[in-house]
Amino acid sequence: IRLDARSAAIRGQTLTYESEFGNLGFWRSPDDSAEWTFRVDRRGTYQISIEWACPNESAGDAFELACDAKSFKMRVDGTAERVWSNYRTIFVGEITLEPGERKLIVKPAGPIRDALFDLKRVVLAPR
């Protein structure tokens with residue numbers, strides 16, 4: 001299940017879809033969030049990963065990823081010096097999902113010093 005930036009429902013004051021980069025950027029407000037609605041056809045356990053970029057100088061803030069009743073909090077690590085375009089895929093956690101419509105939300109988990117990160121996609125891969 002690939003949840004790309006362009007298909008996210010965007011909420012908040014500063015978060016925006018950056019079409020030239022295919023990411024969600026300008027995560028600068030505590031009320032910024034991205035939400036995806038997707039369908040699960042059969043029960044399964046999925047490994048969740050995200051693809052992000054964040055200069056080392058802006059790293060250190062935290063985000064929360066929530067789906068169903070489970071949530072994961074992680075610190076944003078830097079992916080390069082002074083560059084917003086060096087993307088990495090990071091494992092977030094595992095979740096077991098039942099069939100049906102599901103929602104997944106990504107949002108800041110605390111104050112943001114500069115910008116949280118640039119998010120390209122969330123991937124849920126069957127284990």
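Just so it is clear, the values below take in all heavy atoms, side chains as well, and ignore hydrogens, waters and symmetry mates. FYI, the numbering just counts along the sequence from 1.
Asp77 places no side-chain N or O within donor-acceptor distance of the main-chain N or O of Ala59, the cut-off being under 3.5 Å. Not a single donor-acceptor pair under 3.5 Å links the side chain of Thr37 to the backbone N or O of Lys103. A donor-acceptor contact shorter than 3.5 Å is absent between the side chain of Thr96 and the backbone of Thr45. A donor-acceptor pair is defined here as one N or O able to donate and one able to accept, closer than 3.5 Å; such a pair exists between the side chain of Thr79 and the backbone of Cys54. The main-chain N or O of Pro99 is found under 3.5 Å from a side-chain atom of Arg102 such that the two form a donor-acceptor pair.
Residues Ala34 and Ala8 approach most closely at CB-CB, 4.1 Å, considering heavy atoms. Shown here for Pro111 and Asp61, the closest heavy-atom pair between the two residues is O-OD1, 3.6 Å. In this structure, Cys67 and Leu97 approach most closely via the heavy-atom pair SG-CD2, 4.0 Å. Shortest non-hydrogen contact noted between Glu64 and Ala109 is N-CB, 3.9 Å. The two residues Gly78 and Arg88 have their closest heavy-atom pair at O-NH1, 3.5 Å. Scanning all heavy atoms of the two residues, the minimum distance from Ser58 to Trp84 falls at OG-CZ2, 3.8 Å.
The neighbour count for Arg6 CZ, taken as heavy atoms of other residues, nucleotides or ligands under 6.0 Å away, does not exceed 12.
Listed by chain and residue number, Phe63, Phe117 satisfy the ring pair (Phe, Tyr, Trp, His ring centres under 6.0 Å) test with Trp52 (two or more places apart in sequence, or in another chain).
Between Arg121 and Glu51 a salt bridge is recorded (basic side-chain N to carboxylate O distance below 4.0 Å). Lys120 and Asp118 are not joined by a salt bridge, as no carboxylate oxygen comes within less than 4.0 angstrom of a charged side-chain nitrogen.
Under the 4.5 Å side-chain heavy-atom criterion for ILVMFWY residues, no single connected hydrophobic cluster contains both Phe91 and Val76. Under a hydrophobic-cluster definition in which Ile, Leu, Val, Met, Phe, Trp and Tyr are linked whenever side-chain heavy atoms come within less than 4.5 Å, directly or via other members, Phe26 and Leu24 are assigned to different clusters. Under the 4.5 Å side-chain heavy-atom criterion for Ile, Leu, Val, Met, Phe, Trp and Tyr, Tyr17 and Val106 are members of the same hydrophobic cluster. Taken together through direct or relayed side-chain contacts under 4.5 Å among Ile, Leu, Val, Met, Phe, Trp and Tyr, Tyr46 and Val122 form part of one hydrophobic cluster. Linking Ile, Leu, Val, Met, Phe, Trp and Tyr residues whenever their side-chain heavy atoms come within less than 4.5 Å leaves Ile90 and Val83 in two separate clusters.
No hydrogens or angles considered: a donor-acceptor pair under 3.5 Å links the side chains of Asn23 and Tyr87.
Of the options Leu3, Leu15, Asp4, Ile50, a side-chain contact (heavy atoms from CB on, under 4.5 Å) to Leu119 is made by Ile50 and by none of the others.
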